[in-house]
Amino acid sequence: MRSFRMILCAALFFAAASCKPVVPASSDPLLQNPGGTLELQFNLTETGAPQYALLRDGADVILPSALGFDLMDGTSLKDGFVIEGIEKSTFDEVWHPVWGEEDSIRNHYNEALVTLKDKGDRVMQIRFRLYDDGLGFRYEFPMENALTYFNIKEELTEFAMTGNHTAWWVPGDYDTQEFSPTECRLSEIRGRSEGARRGGGTPQKGFSPTGVQTALQLKTAEGLYLNIHEAAVLNYPTANLNLDDRKMVFQIHLTPDAQGVKGRLQAPCKTPWRTVMVCGSATEVLASRLILNLNEPCALEDVSWIHPVKYMGVWWEMITGKTQWSYSWDLPSVQLGQTDYRKLTPHGKHGANNENVRRYIDFAAEHHFDALLIEGWNEGWEDWYGNQKDFVFDFITPYPDFDLPALNAYAHSKGIRLIMHHESSSSCSNYERWMEQAYTLMNKYGYDAVKSGYVGAIIPYGEYHYSQPIINHYHYAITEAAKHHIMVNAHEAVRPTGLCRTWPNMIGNESAMGTEFRGGIRPGHTTILPFTRLQGGPMDYTPGIFETDMSVTAPGQEGRMFHTICNQLGLYVTFYSPLQMAADLPENYARFPDAFQFIEDVAVDWDKSVYLLAEPGKLIVTARHPKLSTLNASAESLASLPDGRKNVISGAARFVYALPKDAQSLKGAQARDVWYVGGVGGPGEQTASFRLDFLQSGLQYEATIYADAPEADCETAPQAYSITRQVVDSSTEISLRIARGGGFAISLREIK
Ligand code: NOJ
Ligand code: CA
């Protein structure tokens with residue numbers, strides 16, 4: 001570190017001598033975090049190249065690492081700089097998310113804005129924020145600048161590692177994050193890269209055998225947990241990381257657009273934040289709100305229409321092949337708007353038919369769900385995938401056997417909202433063509449949430465799921481939806497970077513391997529995702545699959561999944577999402593009513609979360625306390641739309657969102673304290689031991705414990721569980737066996 005400090009002195013001295021305002025020469029770090037454990041070093045090298053380094057308790061965490069850009073026109077923004085000025089500040093606030101893992105989040109950091117200028121009068125600023133749990137920095141290009149319009153060839157930001165750390169990663173890609181995560185040393189990534197792609201989503205577009213995606217979870221030999229990601233990706237391509245495995249240095253690798261440009265910028269502008277989380281334990285990583293804090297505050301004035309959702313779906317039956325999204329097999333291809341479906345012969349396997357949808361509505365209402373997703377309701381599914389078809393769906397024309405007005409009316413009469421489905425087939429151009437009409441149709445019939453999808457290769461042709469124009473498309477879909485008071489859950493879109501703080505109508509994303517991959521999901525998968533994918537925002541993982549043998553769910557189909565029922569129950573607490581699905585079929589839940597009770601009871605939005613035990617790949621145990629204030633969104637505000645328009649919901653007062661079944665006992669003077677605990681395990685059998693010291697001391701609670709039975713195993717006995725009850729308090733120690741691919745769930749209710 002010493003030589004780095006000397007260069008820092010020289011650089012600051014040079015800046016002081018040649019520029020204004022004067023920056024005092026000093027060997028002090030540029031920044032320390034509020035808690036004083038982290039140090040950020042910044043300097044210019046002898047050639048005027050900016051570098052940063054990060055230390056914790058005096059030990060290196062990120063070694064001196066390059067910053068800057070190469071531009072398409074041959075200009076470089078990587079050296080030849082002098083420091084024009086450094087502005088420092090401190091920020092400390094508490095903000096309240098619309099929904100989340102807690103009701104208040106502290107945003108406390110020390111900041112330095114470093115202004116650099118080169119001989120061509122190009123100004124590049126780097127804004128560093130140092131938090132107690134890590135670093136965020138981004139590039140900013142002010143208006144007064146020789147740079148106005150400029151195109152990026154390469155972002156040169158580096159993260160130089162201090163050793164051959166253990167990494168939990170998925171392969172770098174421009175199109176998909178649907179991969180099974182791999183755990184290995186950095187030096188082993190190259191050898192494991194090809195295998196790590198097998199069984200993943202499509203299309204895939206890798207760029208390097210040492211390319212990985214963020215959020216990347218790392219663990220050092222000293223037991224430090226590092227996490228590299230990005231925050232607030234807007235109007236900029238998604239970053240992967242490329243590892244130079246001789247030097248152990250990661251470099252940002254941006255996704256190119258169809259012309260190979262890696263970002264078209266116009267000053268004034270700023271890049272997304274590059275983030276390095278630094279934690280002493282794995283539970284601290286799960287508790288970190290670094291990514292959310294680096295995003296802008298909520299952009300919506302009225303958020304009364306945004307609410308948590310627990311839902312079921314006419315969905316798993318299509319995924320498993322029991323029924324189909326499509327209506328007929330008569331035609332080899334469909335011409336949108338020119339096919340008269342009433343003249344086609346139904347193939348008889350269409351899932352989204354009136355009778356079947358009513359059956360689901362009845363079941364969802366009986367078990368106190370908020371909503372029901374229905375896929376395959378609209379014309380076009382005969383020919384939706386594989387041909388890169390532009391005009392694929394119109395998102396407004398139902399199949400003849402799906403009576404959209406009548407089904408909505410029926411659902412609303414039972415307190416259930418229907419969730420709209422828009423599969424764009426990645427034809428973003430087509431989706432944008434129809435979006436206004438599609439959202440207007442939703443308003444008309446009282447849908448307030450949409451699941452969108454981006455399966456297949458992107459149109460406009462040549463773009464990728466992660467390239468700048470498509471990042472802008474996803475954002476457009478969210479902001480247009482907000483104008484219509486519509487909440488969005490996007491599948492196959494880019495993995496999130498905390499934008500849900502700014503746009504809380506973004507209540508879910510898939511953007512990782514979810515349960516639809518069935519047997520492709522190995523034990524341990526769900527103990528890694530909270531460290532990686534979920535760092536950027538909630539995931540619609542679609543948990544709750546009780547029947548792991550696909551031939552039982554869908555006769556004639558093959559394959560199995562590798563988890564126990566209690567593992568699935570544990571996910572409702574482990575994976576935070578304001579949108580939680582009970583993904584299995586009603587008939588599978590009807591076989592296990594006592595286990596299903598936990599899904600029915602559990603809340604989906606929280607005012608407190610406590611991370612009790614965690615190690616990626618092995619185990620996560622989390623305790624959460626329900627947030628009662630958001631459970632009762634006002635029915636009036638839900639029924640009204642912007643501009644005084646009204647939707648046609650009748651009986652909207654029936655909607656009481658995501659309220660646990662015994663809600664009455666959670667409210668009012670008779671309120672009883674309630675907590676939920678969830679645990680998910682990995683590939684090895686293990687015991688989880690923890691104390692219930694998060695409970696209010698002095699109170700007694702009844703604990704209902706859903707645990708893997710002694711013989712439970714994700715392959716041989718996935719449905720073996722026990723349900724026991726015991727009286728506990730804050731001094732009680734719990735010790736539970738977790739099966740291979742297993743887990744547990746606990747409901748805790750205060751005894752009055
Ligand atoms: C992939 C999504 O992840 C899945 O949930 C959906 O059912 C299909 N696409 C069809 O849209
Ligand atoms: Ca998917």
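All ligand and atom numbering here is 1-based and tracks the order in the structure. Quick caveat: nothing in here was measured; it's all calculated off a predicted structure.
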Using ring centroids (six-membered ring only for Trp), state whether [Y] and [X] fall under 6.0 Å.
X	Y	result
Phe179	Phe517	no
His422	Trp434	no
Phe575	Tyr541	yes
His491	Tyr454	no
Trp381	His421	yes

For [X], atoms of ligand 1 separated by under 4.0 Å from a heavy atom:
X	answer
His421	11 (O)
Trp325	7 (O), 10 (C)
Lys451	4 (C), 5 (O), 6 (C), 7 (O)

> What angle, in degrees and rounded to 10°, do you get at the Ca ion (ligand 2) when you join it to OE2 of Glu510 and to OE2 of Glu516?
Replying inline: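 It comes to 80°.
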>> Tell me the contacting part of Tyr454 for ligand 1: side chain, backbone, both, or neither, using a 4.0 Å heavy-atom threshold, strictly below.
In response: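 The answer is neither.
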> In Glu492, the N, O or S atom nearest to the Ca ion (ligand 2) is which?
Replying inline: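 Looking at Glu492, the N, O or S atom with the least distance to the Ca ion (ligand 2) is OE2.
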> By atom name, which N, O or S atom belonging to Glu178 lies closest to the Ca ion (ligand 2)?
Replying inline: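 Considering only N, O and S atoms, Glu178 comes nearest to the Ca ion (ligand 2) through OE2.
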> Quick one: does Trp316 get within less than 4.0 Å of ligand 1, heavy atoms only?
Replying inline: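 It does not, in that no heavy atom of Trp316 comes within the 4.0 Å cut-off of ligand 1.
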Among all protein heavy atoms in this structure, tell me which lies nearest to [atom], with the distance rounded to 0.1 Å.
atom	result
atom 1 (C) of ligand 1	Glu492 OE2, 2.9 Å
atom 4 (C) of ligand 1	Glu516 OE1, 3.0 Å
atom 9 (N) of ligand 1	Val455 CG2, 3.3 Å

>> When you measure from the centre of the six-membered ring of Phe546, is the NZ or CZ of Arg591 closer than 6.0 Å and no more than 45° off the axis?
In response: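 No, Arg591 and Phe546 do not form such a contact.
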> Do ligand 1 and Trp384 have nitrogen or oxygen atoms that lie under 3.5 Å from each other?
Replying inline: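 The answer is no, given that Trp384 and ligand 1 share no N or O pair closer than 3.5 Å.
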> N/O to N/O below 3.5 Å, does that happen between Glu510 and ligand 1?
Replying inline: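 Yes, Glu510 has an N/O under 3.5 Å of an N/O on ligand 1.
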> Which option out of Glu375, Glu423, Met581 puts a heavy atom nearest to atom 6 (C) of ligand 1?
Replying inline: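 Comparing heavy atoms across Glu375, Glu423, Met581, the nearest one to atom 6 (C) of ligand 1 lies in Glu375.
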>> Please determine whether a side-chain nitrogen of the Lys or Arg among Arg433 and Asp390 lies less than 4.0 Å from a carboxylate oxygen of the Asp or Glu.
In response: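 Yes, Arg433 and Asp390 are salt-bridged.
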> Have Thr339 and Gln335 got a donor and an acceptor in their side chains that come within less than 3.5 Å?
Replying inline: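 Checked: Thr339/Gln335 side chains show no N/O donor-acceptor pair below 3.5 Å.
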>> Under a 3.5 Å cutoff, is there a donor and acceptor pairing between the side chains of Gln535 and Gln217?
In response: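 Side-chain D/A pair, Gln535 to Gln217: absent.
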